[in-house]
There are 2 protein chains.
Amino acid sequence: MTVPQLNTGKTMTDQFFLKIRTYTDLTTEAETAWAALLKEKTCHKGDNYISVGQIPKKVAFVTKGLFSQYYIDDNGETIIKYFFPEGRIAGSIPATLTQSESLFTITALEETTVLEYNFAEFKKLVFTYPDIARFYIRYLEQHWIIDKEPYEVSLRSDAAKVRYAAFLHKYPDLVKRLKKHHIAAYLGITPTQLSRVFGYSK
Amino acid sequence: MTVPQLNTGKTMTDQFFLKIRTYTDLTTEAETAWAALLKEKTCHKGDNYISVGQIPKKVAFVTKGLFSQYYIDDNGETIIKYFFPEGRIAGSIPATLTQSESLFTITALEETTVLEYNFAEFKKLVFTYPDIARFYIRYLEQHWIIDKEPYEVSLRSDAAKVRYAAFLHKYPDLVKRLKKHHIAAYLGITPTQLSRVFGYSK
DNA sequence: CGGCTTTCTCAACATATGTAAAGGTTTTTC
DNA sequence: GAAAAACCTTTACATATGTTGAGAAAGCCG
């Protein structure tokens, strides 16, 4: 069971299930079973929630703060795959599903509080409660299929300047919380190049 | 119901469910219900199974042949996102899920026979038969999460030469069936560049 | 406050890849 | 089987982006 913790008048668990219900409604039994898996955790700025090479067991719903998921390529460049701000479920999912070493590190860019839960336990609930299965399917479809497509297309066919403009437009709030080099690493360019296209366009 | 059609001694439907059972076993009732949705279709080389701008309703299990899924970017370049050879389920899934216009065209690179089914009808089965839900979840996890990760990483951090070598290694059978410009379009480079890295390394 | 680190920008140069065009080969088509 | 189309490679040139290094600004820390 989670410890009540006020946050705009809601416990973290309330905040969690409010988000979950935007995908699909859950029965009380399902919600109770899921709630029993949740555990609060805090990551200080700079802490790694998951490190490269680790075999992850848990995923984390971000209630406050910001994670980035990144890896270092052969040339020593940092490449950021995702940002996980409030309301997102952070995890190294491929590694968690296959129980293999994570290719990515997930690190806190800000003081970050999460509600974490064991993913294998969650998967058991998926096959026990049809409404949790329904949630999981919606979640997978939304984030792994629908949301990813425009970014993947842009990454392959747009110049850095266009990708930067799209990022500014899509994540105006995130932009303020990130350093330029984080954005560059997400767009797949160097800070130098970002500075160039930024300078020309502004 | 599908028309029996010999193919190494199996009907196309047999071939389909053999593949499905590699994800999870189905009850007889579930299989029967799903089988009722299947319909054979043939695409001649050059035919589009789905065209850009179309709102797709169906997906297609490829029993014989090869599809590519591509789009034309602002500069008129063809960009190939996937190949669908035998045993893969081809579709413009983001557009099908959201019932919006497909960003991609799916076209037959060879004479291709498929077993197609209405995706919304299939989704009803997902929420009726727990074993079909289990299949669908496994399928989403495998193809949309696990399989995609290495390619996405490579696309962002490896030079064209490395990506080409990885492609040769991973799809030795596909390579023989594709033109070089198809491979180039998949790797995100021009045929000219592919010819350069191919020439130097061979 | 003062120094230290991080961040950001800029310049000069290097490089991978794109563009365009040509020629030779292979494949398709009738 | 001949004509046409598609494909592949190569060359010369163009360009976006990377690399390195320097310096200025901003943030952090003792």
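Naming: A, B, ... by sequence-line order, numbering from 1 per chain.
The interatomic distance linking B:Leu187 (CG) with C:dA16 (C1') rounds to 15 Å, in whole Å. Between the P atom of D:dT15 and the CD1 atom of B:Ile189 lies a distance of 21 Å, rounded to the nearest Å. The distance between atom CG of B:Leu194 and atom P of C:dG18, rounded to the nearest whole Å, is 10 Å. B:Asp73 has its CG atom 15 Å from the C1' atom of C:dT17, to the nearest Å. When rounded to the nearest whole Å, the span between CG of A:Leu109 and P of C:dT6 equals 16 Å. In this entry the distance linking NE2 of B:His44 with C1' of C:dT28 reads 17 Å, nearest Å. The distance between atom CZ of B:Phe198 and atom P of C:dA16, rounded to the nearest whole Å, is 19 Å.
Proximity of a side-chain donor or acceptor of B:Thr112 to a complementary backbone N or O of B:Leu66 within less than 3.5 Å is detected. Judged by distance alone, the side chain of B:Gln99 and the main-chain N or O of B:Pro56 form a donor-acceptor pair under 3.5 Å.
Closest contact between the side chain of B:Gln193 and the listed nucleotides D:dT17, C:dT19, C:dT17 involves C:dT17. Taking only side-chain atoms of B:Lys45, from C-beta outward, the nucleotide of D:dT17, C:dT28, C:dT17 with the closest atom is C:dT28. Between D:dT19, C:dT9, D:dT9, one nucleotide has an atom nearer to the side chain of A:Arg196 than all others, and that is D:dT19.
Aromatic pair B:Tyr136/B:Tyr139: ring centres not closer than 6.0 Å. Aromatic pair B:Phe16/B:Trp34: ring centres closer than 6.0 Å.
Not a single side-chain hydrogen bond (donor to acceptor under 3.5 Å, both in side chains) links B:Tyr171 to another residue, sequence neighbours left out.
Phosphate contact (OP1/OP2 of C:dG18, side-chain N/O of B:Thr192, threshold under 4.0 Å): absent. Residue B:Thr190 places at least one side-chain N or O under 4.0 Å from the OP1 or OP2 atom of C:dG18.
Counting only heavy atoms from C-beta outward, the side chains of B:Arg88 and B:Tyr82 never approach each other to under 4.5 Å.
Among the protein residues, B:Gly46 comes within range of no part of the nucleic acid, since none of its heavy atoms lies under 4.0 Å from any strand.
Of the residues in residues 173-183 of chain B, those placing a heavy atom less than 4.0 Å from an atom of DNA chain D are B:Lys179, B:Lys180, B:His181, in numerical order.
Both the sub-6.0 Å distance and the 45° axial angle are not jointly satisfied by B:Lys19 relative to the ring of B:Phe61.
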